[in-house]
Amino acid sequence: MNFHILEAIVLFAILYMGRALTPFCYPGDPCFPKTTTINAFAASLPNGFVVFPADTQTYPTVTRMRNLVRTSYPFAVVMAKSREDVKDTVAFASKYNLHLTVYGTGHDFNGRSTGNNTFQLNLSLMKDRVVDLNSWRHENGTISVGPGNTWIEVYREVDKYGRVIVGGSTHTVGMAGYTLGGGHSPICRYYGMAIDNLLEVEMVIADGRIVTATKEYVHTLYNNGSTCNVSDADFFWAVAGGGGGTFGISTRLLFKLHPPPEKVIKVIIIYPIYTFYKEDVFSQVSKKIELLFTNNLPNEWGGYLLFDGTVDAYLSRGHVTFVLNHLGPNTTASYEYLRELIDFLPDKRYFSYEEYDTFLGYEETIIETYPYYLTFIFNSLIPTTSFTSTDFFEFVRSAVLSKPTENSVVTFTATLIGGKMREIGSNDTSVHPGFRKTLFSMSGGVSFGEAGIPEATTLFVKTMELNDKFAQYGDGMYPNEAAQATPDWQSHFWGSNYNRLYQVKLREDPDDFFTCDQCVGSEARLTSIATEPGSFSLLPVILFCIVSFYSKSY
């Protein structure tokens with residue numbers, strides 16, 4: 001590799017991560033507010049409170065990320081309980097030029113919602129829930145929720161009223177970041193994505209305005225108490241799919257409700273990749289996927305396909321696991337569509353069948369095996385055309401069977417999408433148009449335990465390599481699950497919708513006050529990754545990886 005090219009890459013990496021180049025004010029800077037000023041702000045909050053690092057009991061709990069790799073250490077955490085708390089926090093951060101990060105429930109794979117030495121706003125206590133079955137907004141009713149709710153809390157609430165809502169499968173995932181990034185679901189093929197079911201969002205904007213937006217209008221409450229209503233389709237379009245923490249801070253979301261299905265059926269089928277006798281079952285199963293998982297798959301089917309490389313108690317090596325849900329009884333044509341899979345290779349598999357009277361009953365059986373983990377993630381939206389190539393399935397097989405290091409594994413989770421989602425035009429929402437054309441949102445993970453932490457640099461490089469290769473099979477990426485340091489992320493995450501998103505960002509937040517890594521408009525600001533002694537930092541990891549990965553191209 002040419003030395004000058006290497007030098008340029010190193011310089012770019014340093015500039016990209018260089019704290020000295022960011023205009024934000026951090027602890028230790030002359031511009032940083034005095035302790036008395038911060039304490040006065042904390043005492044002034046209408047409803048919430050502030051947690052400082054000295055509170056060794058609470059602080060670790062409210063800053064811990066589900067992906068422990070991304071846990072960072074803000075200088076203070078505002079535990080907001082109301083819209084007014086959020087508004088006051090934004091005003092204080094803006095006044096003193098503080099780097100504000102916004103934390104919901106900690107399920108951000110890449111740590112966009114946190115940061116060392118940042119001023120963190122935690123929304124997890126904002127748990128208002130109001131169901132209105134007589135709402136004029138939707139014939140089957142609505143629910144208004146605060147951003148601190150988790151999906152299992154909302155599922156339990158709407159079940160009381162005999163309704164279902166489109167949301168995440170993992171119980172502890174929250175409302176805002178999930179929804180504003182798009183939001184796929186085990187039932188999105190039947191009811192649409194989360195953003196397709198979002199009717200209204202209330203947000204606090206960088207300049208302190210409180211806006212309530214729908215597809216047609218924006219209602220604004222100004223700082224002086226005046227209000228106005230304007231026709232504006234751009235703001236809601238951008239917010240619903242453009243990602244959380246980008247255009248403002250959501251304080252309330254209004255969703256459609258739906259009547260429940262007659263039954264929810266859960267089918268689990270586990271096939272080995274290779275049996276103990278080295279029989280190649282994977283090739284047979286992949287052909288069945290190619291045959292059945294097409295654009296003809298009935299909307300009633302949803303769920304996940306999982307790929308791993310572990311050796312089980314029967315000494316089978318690797319597995320393909322179908323965790324499928326069907327809305328409706330097993331006497332329907334839609335259920336029979338997958339009969340070929342249900343009856344396939346019965347002596348080579350594990351099979352489980354369960355029926356539930358409610359969607360909540362189904363959801364409560366979902367076990368979060370690892371509530372906390374260490375992983376680097378990547379994603380692609382996979383069209384059915386990729387299945388016709390043996391290269392795709394061979395790539396997946398090779399990836400999961402080849403451990404990057406002794407203390408790590410590679411796995412894939414493919415979420416079934418399509419169906420009802422395709423009734424929405426490619427540019428009618430701001431998510432990548434690939435969401436409206438593909439069949440899987442497929443995420444890979446390079447995961448490791450505590451013993452693998454010293455190998456983090458190697459594992460991050462491996463993730464970048466896998467991300468680069470996997471992108472060749474996809475038509476876009478899901479920003480909520482995409483890899484950090486993805487080249488040309490604007491195109492990969494939002495495709496042809498990015499230019500319009502960027503224009504809305506410039507209009508609403510021209511100073512890029514709300515910023516995060518690989519978020520809309522973040523190219524206008526060189527964000528920092530500050531480090532604390534003794535904490536695990538990705539700064540040296542990313543710097544080394546950028547140089548190592550791209551040096552292979554020369």
Side-chain angles (χ1 to χ4, degrees), residues 15-17 21-24 65 67 70 72 74 90 93-94 98-116 118-121 123 147 174-183 194-195 201 203-206 234-250 377-379 429-432 435 467 476-530 538 542:
L15 288 175
Y16 180 76
M17 296 178 292
L21 295 181
T22 176
F24 287 127
M65 299 292 289
N67 186 4
R70 306 302 183 181
S72 296
V90 169
S94 179
L98 304 176
H99 184 175
L100 185 68
T101 50
V102 186
Y103 179 109
T105 58
H107 272 280
D108 175 9
F109 285 108
N110 285 330
R112 296 184 180 105
S113 59
T114 188
N116 290 323
T118 62
F119 187 43
Q120 187 162 97
L121 176 60
L123 306 176
M175 314 298 296
Y178 164 90
T179 299
L180 303 184
I195 57 167
V201 60
M203 303 188 94
V204 177
I205 308 303
D234 288 331
F235 186 81
F236 185 87
W237 176 90
V239 166
T246 301
F247 300 94
I249 301 174
S250 58
I377 197 167
F378 57 98
N379 172 275
T429 60
S430 57
V431 293
H432 194 289
F435 264 112
N467 183 45
M477 300 176 181
Y478 182 26
N480 285 7
E481 300 177 4
Q484 188 179 33
T486 295
D488 191 21
W489 53 269
Q490 298 93 330
S491 177
H492 281 304
F493 295 179
W494 289 285
S496 58
N497 288 325
Y498 188 77
N499 287 340
R500 185 179 173 191
L501 278 167
Y502 189 70
Q503 293 304 312
V504 177
K505 175 68 172 177
L506 289 177
R507 186 189 78 182
E508 299 296 337
D509 185 16
D511 296 327
D512 200 38
F513 174 76
F514 296 116
T515 190
C516 50
D517 183 42
Q518 297 183 149
C519 294
V520 174
S522 63
E523 61 269 56
R525 180 191 289 275
L526 300 178
T527 57
S528 71
I529 303 176
L538 285 179
I542 297 173

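For clarity, every value in this text was computed on a predicted model and none was experimentally measured.
- Rounding to the nearest 0.5 Å gives a distance of 9.0 Å between CG of Asn379 and OG1 of Thr486.
- The nearest pair of heavy atoms linking Thr179 to Ile195 is O-CG2, 2.9 Å.
- Closest approach of Lys505 and Val520 over heavy atoms only: CE-O, 3.6 Å.
- A distance of 10.5 Å separates CZ in Phe236 from CE in Met203, rounded to the nearest 0.5 Å.
- Using a 4.5 Å heavy-atom cutoff, the side chains of Asp509 and Ile205 are not in contact.
- Listed for the Trp494 side chain is a donor-acceptor partner under 3.5 Å among the backbone atoms of Gly241.
- Looking at every heavy atom in both residues, Arg112 comes nearest to Gln518 through NH2-NE2, 3.9 Å.
- Side-chain atoms of Phe514 and Thr246, non-hydrogen and from C-beta on, never get closer than 4.5 Å to each other.
- In this structure, the side chains of Val90 and Leu100 come closer than 4.5 Å at one or more pairs of heavy atoms.
- Under a 3.5 Å cut-off, the side chain of Asn497 and the backbone N or O of Val431 do form a donor-acceptor pair.
- Side-chain atoms of Val239 and Glu508, non-hydrogen and from C-beta on, never get closer than 4.5 Å to each other.
- The CZ atom of Phe493 sits 9.5 Å away from the CG atom of Asp488 when rounded to the nearest 0.5 Å.
- Of the listed residues (Thr515, Asn116, Thr118), just one forms a side-chain hydrogen bond (donor to acceptor under 3.5 Å, both in side chains) with Thr101, and that residue is Thr118.
- The salt bridge (charged side-chain N to carboxylate O under 4.0 Å, His left out) test applied to Asp511 returns no partner, not counting sequence neighbours.
- The minimum heavy-atom distance linking Asn467 with Phe378 is given by the pair OD1-CB, 3.6 Å.
- Note that the CZ atom of Phe247 and the OG atom of Ser430 stand 7.0 Å from one another [nearest 0.5 Å].
- Between Met65 atom CE and Ser72 atom OG the span is 7.5 Å, to the nearest 0.5 Å.
- The shortest distance between side-chain heavy atoms of Gln484 and Asp517 falls below 4.5 Å.
- Residue pairs that meet the salt bridge (Lys or Arg N to Asp or Glu O under 4.0 Å) test with at least one member in residues 491-503, sequence neighbours left out, are Asp234-Arg500.
- In this structure, Arg70 and Phe109 have side chains that are not in contact, with every pair of non-hydrogen atoms separated by 4.5 Å or more.
- Side-chain atoms of Asn67 do not come within 3.5 Å of backbone N or O of Asn110 as any donor-acceptor pair.
- Not counting sequence neighbours, the partners of Tyr478 by the ring pair (Phe, Tyr, Trp, His ring centres under 6.0 Å) test are His184, Phe435.
- Looking at heavy atoms from C-beta onward, Gln490 lies out of side-chain contact with Tyr502 at the 4.5 angstrom threshold.
- Between Pro74 and Thr114, the shortest heavy-atom distance links the atoms CG-OG1, 4.2 Å.
- In this structure, CG on Leu501 lies 11.5 Å from SG on Cys519, to the nearest 0.5 angstrom.
- Counting all heavy atoms, side chain and backbone alike, Val201 lies closest to Ser250 at CG2-CB, 4.0 Å.
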